[in-house]
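Dumping the structure here so I can ask a few things about it.
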Amino acid sequence: MIDSATKAQEIARGAIGARLAACAQISGPVISVYRWEGVVETAEEWQILFKTTGSRYEALEAYLKRVHDYDTPEIIATPVVRGSADYLTWVTEETVAR
């Protein structure tokens, strides 16, 4: 999550440009309600979903921590248990470091 559509697009384009992910999808705005430093907060945010491989995850996480404005950005990986072979091949090809 990030606090503006412009920042979301910048982060997404940087990750794709560096081949850290094959695709990024931005959704928002969404309303997030959470506790931060003992206070319940409400914020409008944009979510970025990155499609990458397990071998590129660490580099993507490092990039996100470096460019993100938040002290503790939401970075979560969910495993893909099945998928179209053609799509998964494309993701792998697009995330090969060159």
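In this text, all values refer to a predicted model and were calculated from it rather than measured experimentally. Along the sequence shown, residues are numbered consecutively beginning with 1.
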Not counting sequence neighbours, list each pair that qualifies as a ring pair (Phe, Tyr, Trp, His ring centres under 6.0 Å) and has a residue in residues 72-98.
-> Tyr87-Trp90

Identify the two heavy atoms, one from Ile2 and one from Ala8, that lie closest to each other, and give their separation to 0.1 Å.
->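 In terms of heavy atoms, the two residues are closest at CG2-CB, 3.5 Å.
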
Each residue besides Val96 in its hydrophobic cluster should be listed here, by chain and number; the cluster joins Ile, Leu, Val, Met, Phe, Trp and Tyr at side-chain heavy-atom distances under 4.5 Å.
->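 The other cluster members (ILVMFWY side chains, heavy atoms under 4.5 Å, direct or chained): none.
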
For Ala15 against Leu60, the heavy-atom pair lying closest together = CB-CD1, 4.0 Å

Among residues two or more places apart or on two chains, list those pairs meeting salt bridge (Lys or Arg N to Asp or Glu O under 4.0 Å) that have a residue in residues 15-33.
->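 Output for this query lists Arg19-Glu94.
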
Which atom pair, heavy atoms only, marks the closest approach of Ile48 to Ala24?
->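 Here Ile48 and Ala24 meet closest at CG2-CB, 4.0 Å.
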
Residues sharing Val81's hydrophobic cluster, by side-chain heavy-atom contacts under 4.5 Å among ILVMFWY, directly or via others?
-> none

Residue pair Phe50 / Leu64, side-chain heavy-atom distance below 4.5 Å |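 They are in contact (side-chain heavy atoms under 4.5 Å apart), so the answer is yes.
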
Residues that Val67 engages under side chain to side chain contact (heavy atoms under 4.5 Å, CB included), provided they are two or more places apart |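 Result, side chain to side chain contact (heavy atoms under 4.5 Å, CB included) vs Val67: Ile11, Tyr63.
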
Please, which pairs that meet salt bridge (Lys or Arg N to Asp or Glu O under 4.0 Å) have at least one residue in residues 61-78, sequence neighbours excluded?
-> Lys7-Asp69, Glu61-Lys65

Can you measure from CD1 (Ile26) to CZ (Arg13) and round to the nearest 0.5 angstrom?
-> 9.5 Å

Which pairs with one or both residues in residues 77-89 pass salt bridge (Lys or Arg N to Asp or Glu O under 4.0 Å), sequence neighbours excluded?
->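 Residue pairs with at least one partner in residues 77-89: there are none.
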
Output every pair passing side chain to side chain donor-acceptor pair (under 3.5 Å) with a member in residues 23-51, not counting sequence neighbours, ordered by first then second residue.
-> Gln25-Lys51, Ser32-Glu45, Glu45-Tyr70

With the side chain counted from C-beta on, respond yes when Thr52 and Leu20 share a heavy-atom pair under 4.5 Å apart, and no when they do not.
-> no

With sequence neighbours left out, the residues meeting side-chain hydrogen bond (donor to acceptor under 3.5 Å, both in side chains) with Ser55 are Thr53

